Amino acid sequence: MTAKAPTTVVFDIGNVLLRWDPRNLYRKVFSDEAEMEWFLSTVCTNQWNLEQDRGRDWEEAVALLVTDFPDHHTAIRAYHDRWEETVAGVFEDNVAVLGHLRDAGVPNYCITNFSSPKLGLSKKRYPFLASFDGIIVSGDEQLLKPEPAIYHLLLSRYGLQAEDCIFIDDSKANVEGAKAVGMHAIHFVESVDLAVELRQHGFPV
């Protein structure tokens, strides 16, 4: 960790602010848990979804899988057509922390691996996502965390210094990516009290 105390907070969205998991949807699609897990590990995989986060068109993505798995056409299409059901609400405490930071005038930004159309849907449902001082969306930039370029893009676009920023993400790899470019970072998991962590860095939450 760098010695300088951070002054700016940079959030991830999925599983820091929004409770995202495709299982939230697919438990409604599949009655058998093992079949659902096979589907998510073999058909609609994390790697497949990540390409939509990189900017691939959803219709193209669905068509690619339907070609390989025609018997699963309906379940594959559900990932796109019923995507909003993959989000099971928010992390209330973390959203409250974000609100406190904004009320206190703390600069707040976001770097997210997110499909641009799906983020648009999420902003309508959760308006707080539209109020960051700046946001880098992987689907708009064709860059993904933890690639160094996506962190550098935030810094250059908004005139920020890495040592002034603290980055919060649920992915350890993404946290390490932020540290590698000189940011402070917090690896968020359910057991972490984000307010306590940020207070330890001097933030008014």
Side-chain angles (χ1 to χ4, degrees), residues 1-21 53 84 87-116 118-141 143-205:
M1 182 174 288
T2 55
K4 187 178 180 183
T7 57
T8 298
V9 183
V10 183
F11 284 84
D12 175 34
I13 292 177
N15 292 322
V16 172
L17 296 171
L18 298 187
R19 294 182 178 274
W20 178 84
D21 189 333
D53 286 350
E84 287 182 275
V87 179
V90 302
F91 287 85
E92 297 284 358
D93 290 347
N94 293 356
V95 173
V97 164
L98 175 58
H100 292 318
L101 292 170
R102 288 173 173 171
D103 290 344
V106 175
N108 59 96
Y109 293 83
C110 178
I111 304 175
T112 183
N113 284 354
F114 221 121
S115 155
S116 189
K118 302 310 186 193
L119 182 57
L121 292 174
S122 297
K123 285 179 178 179
K124 291 177 182 178
R125 187 174 174 188
Y126 304 105
F128 69 85
L129 294 174
S131 299
F132 290 105
D133 294 322
I135 183 170
I136 300 296
V137 182
S138 64
D140 291 336
E141 311 298 342
L143 296 171
L144 290 169
K145 296 176 293 184
E147 296 165 7
I150 197 167
Y151 304 96
H152 286 301
L153 182 59
L154 176 87
L155 301 174
S156 62
R157 181 168 294 173
Y158 298 109
L160 305 173
Q161 299 299 315
E163 62 268 26
D164 293 333
C165 298
I166 188 163
F167 177 66
I168 305 158
D169 202 294
D170 67 302
S171 162
K172 188 162 182 59
N174 295 347
V175 164
E176 293 304 318
K179 289 179 178 178
V181 303
M183 293 180 175
H184 304 257
I186 296 170
H187 181 206
F188 177 76
V189 294
E190 285 270 9
S191 59
V192 167
D193 187 323
L194 191 56
V196 169
E197 293 287 328
L198 289 172
R199 278 198 293 272
Q200 290 175 352
H201 289 274
F203 289 99
V205 291

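Keep in mind that this is a model prediction, so the values were computed, not measured.
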Any sub-3.5 Å donor-acceptor pair from Ser116's side-chain atoms to Asp140's backbone N or O?
no

Pairwise distance CD1(Ile13) to OG1(Thr112) - rounded to 0.5 angstrom:
4.0 Å

Chi angles and distances behind the side chain to side chain contact (heavy atoms under 4.5 Å, CB included) call for Leu154, Val10:
CA-CA 9 Å; Leu154 176 87; Val10 183; 3.9 Å; yes

Please list, chain by chain and in numerical order, all residues satisfying side-chain hydrogen bond (donor to acceptor under 3.5 Å, both in side chains) with Asp169, sequence neighbours excluded.
Lys145, Asn174

Given side chain to side chain contact (heavy atoms under 4.5 Å, CB included), test Thr8 with Gln161 step by step and report yes or no.
CA-CA 9 Å; Thr8 298; Gln161 299 299 315; over 6 Å; no

Distance col, row Ser115:OG vs Asp53:CG, nearest 0.5 angstrom, shows 7.0 Å

Leu160 versus Cys165: any side-chain heavy-atom pair under 4.5 Å?
yes

Asn94: what forms a side chain to side chain contact (heavy atoms under 4.5 Å, CB included) with it, not counting sequence neighbours?
Val16, Leu17, Phe91, Phe188, Leu194

Could you check whether any side-chain N or O of His201 sits under 3.5 Å from a backbone N or O of Ala5, counting only pairs where one atom can act as donor and the other as acceptor?
no

Side-chain heavy atoms of Glu147 within contact of Glu141, under 4.5 Å
no

Distance in Å, His187 NE2 paired with Lys179 NZ, rounded so as to fall on 0.5 Å steps
9.5 Å

Could you tell me if the side chain of Phe203 sits less than 4.5 Å from the side chain of Pro6, heavy atoms only?
yes

Between Glu176 (side chain) and Ala173 (backbone), is there a donor-acceptor pair under 3.5 Å?
no

Looking only at atom types and distance, does a side-chain atom of His184 sit under 3.5 Å from a main-chain N or O of Lys4, one as donor and one as acceptor?
yes

Audit row: Asp12, Ile168, side chain to side chain contact (heavy atoms under 4.5 Å, CB included) steps and yes/no
CA-CA 6 Å; Asp12 175 34; Ile168 305 158; 6.0 Å; no

Does the side chain of Arg199 reach to within under 4.5 Å of the side chain of Val205, using non-hydrogen atoms?
yes

Could you go through residues 121-136 and list every donor-acceptor pair under 3.5 Å that involves a side-chain atom there, pairing it with any protein atom two or more places apart or in another chain?
from   : atom 1 : to     : atom 2 : distance (Å)
Ser122 : OG     : Lys118 : O      : 3.1
Arg125 : NH1    : Glu84  : O      : 3.0
Asp133 : OD2    : Asn108 : N      : 2.9

Does Phe11 have its ring centroid less than 6.0 Å away from the ring centroid of Phe167?
no

Can you check whether Val90's main-chain N or O pairs, donor with acceptor, with Arg19's side chain at less than 3.5 Å?
yes

Would a distance-only check, ignoring hydrogens and angles, find a side-chain to backbone donor-acceptor pair under 3.5 Å from Asp170 to Val189?
no

Would you sort out whether His152 and Val181 count as a side chain to side chain contact (heavy atoms under 4.5 Å, CB included), showing the intermediate values?
CA-CA 8 Å; His152 286 301; Val181 303; 3.6 Å; yes

